Amino acid sequence: MGIIFDIERFAIHDGPGIRTTLFLKGCPLSCWWCHNPESISPRPQLALFEEKCIGCGRCFDACPHGVHEKLADGSRALHRERCEACSRCVQTCYAEALVMEGREISVTHAVEELRRDAPFYETSGGGITLSGGEPLRQVEFTTGVLQACKAEGFHTALDTCGYAPWTDYEKVLPFVDLVLYDFKLADSEAHVKYTGVPNELIRENLARIDARGLPIEIRIPVIPGINDGRENIEQTGQILAGMKHVRRVTLLPYHGLGETKYPRVGKTYRLNGLASPTREHMAEIAGWMQRLGLVAEAR
Ligand code: SF4
Ligand code: SF4
């Protein structure tokens, strides 16, 4: 069994062709710019869309653990730490202000969902992608899905942050055709500051995957003021240029679209008001990478 929070069909940015992407919950990183804050916890979690709430009060009575508390002034206190994700309150909320982010799914059921789009994979040269979160946080489920998809003849891609034990990569890589590898910062101290973990393991795993000869596509989120300076980009480029099987570097411009999701799951966003990098700056960064011999493009 695994816990997923989304299935995206007709995805065109998660590997070649038309793909179906399965998003798994659980991530060891907590990047400041993460646009899927609901992906970080490995468990299903309650989301509250305040703007949809009509104040009917049904959820206050439905919860057996007193998670929803009505305060004297009529507002709500949400005691998330008591929530056991039973979904009772979600089922009573006709306004759909309460949503359970994440659901359990078996390998068999997940593969059935992915098989539905097989005709599109065949006609477009596409396939399936496992993303997250970090798929290796659920390594047994991920291995099961990838193995079954290979048996179906699907092209498989793994989208990974790189921060997992190598023994986990050894389990899944026999069933992976393409690795989509995130790389954020060359300096490990800065990596700790902005993602919560150092980058040595990420660099080691990248080198080991490269040594296996698997095709790798690097994805770099470009965050103004954090990793878009020339020094970091050139250091990153030098690391990547040392790999034999990195066939492309895709630069993803920061956007703040995830900002509104944070309060829904009880989290605080740390980059409020940060503007996206300009097209000119993205092109400049791609140029810095290209000068190091990399195939780099800004999306
Ligand atoms: S059940 Fe839904 S609409 Fe009613 S008070 Fe609770 S969250 Fe608001
Ligand atoms: S999901 Fe269950 S435990 Fe959590 S708030 Fe709703 S009713 Fe309470």
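In each ligand, atom 1 is the first atom listed, and ligand 1 is the first ligand listed. Heavy-atom basis, side chains included; hydrogens, waters and symmetry copies ignored. All figures in this text were calculated on a predicted structure; none of them were measured in a lab.
The single protein non-hydrogen atom nearest to atom 4 (Fe) of ligand 1 is Cys56 SG, 2.3 Å, given as residue, atom name and distance. Of all protein heavy atoms, the one lying nearest to atom 3 (S) of ligand 1 is Ile54 N, 3.4 Å. Among protein heavy atoms, atom 1 (S) of ligand 2 sits closest to Ser87 N, 3.2 Å. Closest protein heavy atom to atom 2 (Fe) of ligand 1: Cys93 SG, 2.3 Å.
The pair Arg270-Glu259 does not meet the salt-bridge criterion, since no charged nitrogen lies less than 4.0 angstrom from a carboxylate oxygen. Here Glu69 does not pair with Arg76 in a salt bridge; the nearest charged N to carboxylate O distance is not below 4.0 Å. Between Glu140 and Lys171 a salt bridge is recorded (basic side-chain N to carboxylate O distance below 4.0 Å).
Using a 4.5 Å heavy-atom cutoff, the side chains of Val179 and Glu217 are not in contact. The side-chain heavy atoms of His255 and Trp33, taken from C-beta on, include no pair separated by under 4.5 Å.
In this view, Arg58 and Tyr94 satisfy the side-chain hydrogen bond (donor to acceptor under 3.5 Å, both in side chains) rule, not counting sequence neighbours.
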- [ ] Mind running salt bridge (Lys or Arg N to Asp or Glu O under 4.0 Å) on Asp6 and Arg103 for me, showing each step along the way?
- [x] CA-CA 9 Å; Asp6 201 7; Arg103 64 183 166 101; over 6 Å; no
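Near Leu98, meaning under 4.0 Å from any of its heavy atoms, are these atoms of ligand 1: 7 (S). Atoms of ligand 1 found under 4.0 Å from any heavy atom of Gly57 (numbered from 1 in listed order, with element): 4 (Fe), 5 (S). Below 4.0 Å from some heavy atom of Met100 lie the following atoms of ligand 2, by number and element: 1 (S).
Within the sub-2.8 Å shell of atom 8 (Fe) of ligand 2, the protein contributes these N/O/S atoms: Cys63 SG.
Of the candidates Arg76, Glu50, Arg58, the one placing a heavy atom closest to atom 7 (S) of ligand 1 is Arg76.
Residues in residues 184-203 take part in these salt bridge (Lys or Arg N to Asp or Glu O under 4.0 Å) pairs, two or more places apart or across chains: Asp182-Lys184.
The distance from atom 2 (Fe) of ligand 1 to the nearest N/O/S atom of Cys53 is not under 2.8 Å.
Counting side-chain heavy-atom gaps under 4.5 Å among Ile, Leu, Val, Met, Phe, Trp and Tyr, the cluster of Leu180 also holds Leu178.
To the nearest 0.5 angstrom, His281 atom NE2 is 14.5 Å from Arg279 atom CZ.
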